[in-house]
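Structure, as C-alpha cells:
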Amino acid sequence: MSSTPSDVVVESAPGAPTPPRALPNGLAAFLVFLSSGAVLVLETISLRLVGPYVGVTLQVTSSVIGMALGAIAYGAWMGGWLADRWDPRALLAPALVLAGIATAVTLPVVRYAGEVLRGGAAGAVLLLTALAVLVPAALLAGVTPLVVKLQLADLRRTGQVVGRLSGIGTLGGITATLVTGFVLVAALPSTVIVLGLAAVLGLSGLVLGAYLRRRAGTTPPGPARARAALAVLGLAGAGLSAVAPNPCDVETAYHCARVEVDEQWTQGRYLYLNSAQHSYVDLADPTHLKYAYTQWIGLVADLAAPSGQPLDALHLGGGGFTVPRYVDATRPGSDNLVFEIDGALVDLDRRELGVRTGPRLRARVGDARVLLGAEPTDSRDLIVGDAFGHLVVPWHLATREMAADIRRVLRPGGIYVQNVIDLPPDRFIRAELATVAAEFRHVALIAPPGAIAGQHGANFLIVASDTPLPLARIQTSLRLLPESASLLHGDELARFVGDALVLTDDYAPVDQLLATA
C-alpha cells in the first residue's frame, strides 16, 4: 500500500541514539538573532579599528566586507559539520564564550599589528582586516547551523524551521547594522563597543551553558577547569586591550583624531586624522601656512580680490580650519562658511586648535555636496575644496555634477581651488582636471615639478574660474615660496591631462584611479 507525504513519520532506527531535544523556540530565535547581529557589529566596527592604520578607502571597506562574508561562509560550514558529529547542545555555549574571548582579543591584536602594518598596501589591508574580523565572526556564524540542527526534529517542518531562523538571523544583522551605525558609533568609543560586545557574548555563553546543564540534569566532566581556562583567556584579552596602544585622542563618528605639539614650535599643532597628517595650525599666527599646498591656496586667496578686501569664502571641508583662519586674518570682515561633515572634529578644533567660530567664521555640520545644493547662486567669491576621506577625495565631491554646482554658487569672476593628493601614474589628478575643465573655462594646476613629472606623489592644487585667472601674478608669487612649484595652464596643461576620464555621478572610480598598480 502506498502512502502520501502526509503519512511519513520520522522514527529513530532501533538502537540509534536519541536525537537531542530541541531548544525552546524563543531561546533558539535569541541565539540566532544575537550571533548574526554580533557579526554585523564586528564588521561595522572593524572599519573603525583598522582605519587609523590603513585608511578608510573603498579597498579597505571591500576587504572588511569580504573577510566578514568569508568568515560567515567558513563558520557556517564548520558549524554544520560539527552539528552532524557532536551534540549541538554541548557546543553552543562554548562557541559563544570563545567568540566573546576572540572579540576581546581582536582589539589588542589589531592595534599592535596595525603599528607594524601601517600604510595602504593591499597585503597589509587584507591581513589587518582578517585579524579584525575573521576568527570571532567565524565562531559566531557557526551558531546558526548548530541551532538549526537542534530544531529539526520533524523533517516535515524543515523548510519552516530553516526559513524562520534564517529570517531571524537576517533581522539580527539588519538591527545590529542600524544600531551600530546610528547609535553606538556616535555614542561610544570603539574600545567600549568591542569590549561590551565581548562581555555580552561571554555572559550569554555562560548563562546558556548553565541553563542547558540544569535542563539536562547532568554535569559534563571537567567543566570547572574549562570554565576557569576560558575566564583566564577572557581576562587576558581585556587586559591586553587596556594596555594596547590607542592611536586616537578623540574618536569621532568619522575619524580617529589626535593632536600633537610641534617639537620645534610650542604654538604649532599637527592634526592627524586616521593616521594621516591632515593639518598644521599655528595658535599664535593664523597667517603661518606650513604646508606647501596651503601656501598655494593662500596666494590664490590673496589674488582673488584687492588686498584687504573682504571675501565671501566657502570651504568644503574644515580639517584644522587652517585656511578659513588665514582668510579671516588677512581679509578682516570676510564671511567664511565651512562645511564639515564631522561635528566632533569641529569641537576638537575649538578645544585644541584655537578655532573661534562666530558671525564671520561659521561651521555648518553636514555633507558638503548636500549643503552646497542649498547655497544661493552667485553668492561666493572663493570656494576651497579640501575634503578628504583619509587621502582620498570622496568620490561624490569629485564629479562633473559637483563642479557644476560649485560654478553655480561662485560669482562671476570667482575662483575655485581644489586640493588633490595623487601618486604616480597620476591618473586621478588628470581625471579631476578633465572633470573641472568640463565645467570651467579657465583651469590651471599648481604642483611640485617632480610630481608633475611623475617622480613622486604630492598635493596638487587645481585653480579654476569662468574668467581669466591671474596667471602671471600666481607665477610671480610661487617663485617667492620656499618650496619649488610649477604652474601648468593652456597647452601644457592639456598635454598633462591627455585623454583622461571625466568623472560623473554615474561613473567615478576614484579609489581605483588612485591605485598605483
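Every heavy atom of this structure was used, including side-chain atoms; hydrogens, water molecules and symmetry mates were not.
With hydrogens and angles ignored, the 3.5 Å screen pairs no side-chain donor or acceptor of Thr103 with any backbone N or O of Ala198. A donor-acceptor pair under 3.5 Å links the side-chain atoms of Asn274 to the main chain of Cys256, judged by distance alone. Between the side chain of Arg380 and the backbone N or O of Leu314, no donor-acceptor pair lies under 3.5 Å. Between the side chain of Thr399 and the backbone N or O of Trp395, no donor-acceptor pair lies under 3.5 Å. A donor-acceptor contact shorter than 3.5 Å links the side chain of Glu251 to the backbone of Ser190. Formation of a donor-acceptor pair under 3.5 Å by the Arg362 side chain with backbone atoms of Thr357 is not found in this model. Of the possible donor and acceptor atoms, none in the side chain of Gln309 sits under 3.5 Å from a partner among the backbone N and O of Arg331. Not a single donor-acceptor pair under 3.5 Å links the side chain of Arg427 to the backbone N or O of Pro424.
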**Residues Thr180, Arg48; criterion side-chain hydrogen bond (donor to acceptor under 3.5 Å, both in side chains); working and verdict** = CA-CA 12 Å; Thr180 304; Arg48 311 304 305 279; over 6 Å; no
**Request:** Mind running side chain to side chain contact (heavy atoms under 4.5 Å, CB included) on Val179 and Val41 for me, showing each step along the way?
**Result:** CA-CA 9 Å; Val179 170; Val41 174; over 6 Å; no
**Request:** For the pair Leu514 and Leu423, evaluate side chain to side chain contact (heavy atoms under 4.5 Å, CB included) and give the outcome as yes or no after the intermediate values.
**Result:** CA-CA 7 Å; Leu514 276 163; Leu423 303 167; 5.8 Å; no
**Request:** Would you please test Leu40 and Thr175 for side chain to side chain contact (heavy atoms under 4.5 Å, CB included) and show each step?
**Result:** CA-CA 9 Å; Leu40 270 296; Thr175 302; over 6 Å; no
**Request:** Please assess Val194 against Leu49 for the test side chain to side chain contact (heavy atoms under 4.5 Å, CB included), listing each intermediate value before the final yes or no.
**Result:** CA-CA 10 Å; Val194 171; Leu49 295 181; 4.2 Å; yes
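Taking CD1 of Ile341 as the start and OH of Tyr254 as the end, the distance is 4.0 Å to the nearest 0.5 Å. The CD1 atom of Ile72 sits 8.0 Å away from atom OG of Ser36, with the distance rounded to the nearest 0.5 Å. Separating the OG1 atom in Thr129 from the CG atom in Leu126 is a distance of 5.5 Å, to the nearest 0.5 Å. Here the CG-CG distance, from Leu127 to Leu134, works out to 10.5 Å after rounding to the nearest 0.5 Å. The structure places CG of Leu131 at 14.5 Å from OH of Tyr112, a figure rounded to the nearest 0.5 Å. Here the CD1 atom belonging to Ile193 is positioned 5.0 Å from the CG atom belonging to Leu184, to the nearest 0.5 angstrom.
Side-chain contact between Asp347 and Val250: absent, with no pair of heavy atoms (C-beta onward) separated by less than 4.5 Å. Between Ile174 and Thr177 there is no side-chain heavy-atom pair separated by less than 4.5 Å. Looking at Leu271 and Leu345, their side chains come closer than 4.5 Å, going by heavy atoms from C-beta outward. The shortest distance between side-chain heavy atoms of Val420 and Phe428 falls below 4.5 Å. Between Asn336 and Phe321, the closest side-chain pair of non-hydrogen atoms is not below 4.5 Å. Taking 4.5 Å as the limit, every side-chain heavy atom of Arg351 sits out of range of all side-chain heavy atoms of Val259. In this structure, the side chains of Leu128 and Val110 come closer than 4.5 Å at one or more pairs of heavy atoms. In this structure the side chain of Leu42 reaches within 4.5 angstrom of the side chain of Leu140, judged on heavy atoms.
Minimum interatomic distance between Gly37 and Ala176 (heavy atoms only, all atoms of both residues): O-CB, 3.1 Å. Contact detail for Pro394 and Ala387: the closest heavy-atom pair is CD-O, 3.4 Å. Taking all atoms of both residues into account, the shortest heavy-atom contact from Val392 to Val510 is CG1-CG1, 3.5 Å. Of all the heavy atoms in Val502 and Ala434, the pair that sits closest is CG2-O, 3.9 Å. For Val133 against Ser46, the heavy-atom pair with the smallest separation is CB-OG, 3.8 Å. Listed here is the closest heavy atom pair of Ala99 and Pro136: O-CB, 4.1 Å.
Sorted by first then second residue, the ring pair (Phe, Tyr, Trp, His ring centres under 6.0 Å) pairs that include residues 256-280, not counting sequence neighbours, are Tyr270-Tyr280, Tyr280-His288. Applying the side chain to side chain donor-acceptor pair (under 3.5 Å) test to residues at least two apart or on different chains, the pairs with a partner in residues 289-298 are Gln277-Tyr291. Among residue pairs with one or both ends in residues 273-352, none qualify as disulfide (SG to SG under 2.5 Å); sequence neighbours excluded. For residues 466-494, the side chain to side chain donor-acceptor pair (under 3.5 Å) pairs, not counting sequence neighbours, are Ser465-Thr467. Screening residues 407-418 for side chain to side chain donor-acceptor pair (under 3.5 Å), with sequence neighbours left out, gives Asp312-Arg411, Thr377-Arg408, Asp381-Arg411, Asp405-Arg408, Arg407-Glu439, Tyr416-Gln418, Gln418-Glu432.
Under the salt bridge (charged side-chain N to carboxylate O under 4.0 Å, His left out) criterion, Glu115 pairs with Arg118, sequence neighbours left out.
For the side chain to side chain contact (heavy atoms under 4.5 Å, CB included) with Met402, the qualifying choice from Thr504, Leu316, Val436, Asp505 is Leu316, the only one to do so.
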